[in-house]
Amino acid sequence: MRYLIIADIHGNLTALEAVLKDAARQGAVGEIWCLGDIVGYGPEPAECIALVKELDGVCVAGNHDRGAIGQIEMQNFNPFAAMALEWTMDKLSAADMLYLGKLPEEAQIGDFMLVHGSPASPLFEYIISTGNAERNFNFFDTKYCLVGHTHAPAVFRQEPEKISAPMIMANKGFLLSDEKTIINPGAVGQPRDGDPRASYVIYDTDDHFLRFYRVEYDVRSVQDKMAQAGLPLQLIMRLETGK
Ligand code: ZN
């Protein structure tokens, strides 16, 4: 069975469609796991919710998903994110809001725990260093934990006899071992690791291999839609730099 693991779509339907198409090219996908932030920043939040619903996978809530329904106050977001969220709220139907509100903060599937931020703080914490990765190993009982939120692909593996977990910047793939591992597939809709291409992971249960992929999409068309929507210029520009 092959799982498609995605995070941080952020209202970028064009990037999501490119990921789905590219993933299908690698072989049939059995189920999709989505690590939250379907909306926020991007120009097609309702369309992204509709597509994620249709994909019928497992999806957890991100901070922007909760912000878009008023469950997280705007002062918790930077000014550009807050502006985009106010705009997003206006575009969502009552059914969309209900869907976002019902997304769980965490999900467990076999050996995997799924959260948006971190197991210690599912909606807010960024796992960006070996220090906070190390601390978070104590907050999940499964072997593996999938996170998003930072918009940068990363792997943290808990090696025996070591105080800190080594970080492997994943641009290819690796074999899942028995060691506890935290994996971030990177962002579909707003990468921030300096590579503007949409990021995703495929996990194959046959060989326990987890592989990272990047795929180009039509950034310009998304920028045009954002400009038409009056979304902040800074958010429009960062799509082409991936920073
Ligand atoms: Zn995000």
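As the structure is a prediction and not an experimental result, all values here were calculated from the model. We count ligands from 1, going down the list as the structure has it; atoms in each ligand are counted the same way.
- For the residue pair Tyr126/Asn132, the side-chain donor-acceptor check at 3.5 Å is not satisfied.
- At a threshold of 2.8 Å, the Zn ion (ligand 1) has no backbone or side-chain N, O or S atom of His64 nearer than that distance.
- If you run side-chain contact (heavy atoms from CB on, under 4.5 Å) between Cys145 and each of Phe112, Phe139, Phe140, Phe137, only Phe140 comes through.
- The aromatic rings of His10 and His64 lie perpendicular to each other, with more than 60° between the two planes, well past the 30° mark.
- Closest to the Zn ion (ligand 1) among the N, O or S atoms of His151 is NE2.
- Among the backbone and side-chain atoms of His116, none of the N, O or S atoms lies under 2.8 Å from the Zn ion (ligand 1).
- The shortest distance between side-chain heavy atoms of Arg214 and Pro191 falls below 4.5 Å.
- Seen from the Zn ion (ligand 1), atom OD2 of Asp37 and atom OD1 of Asp8 lie 90° apart in angle, a value rounded to 10°.
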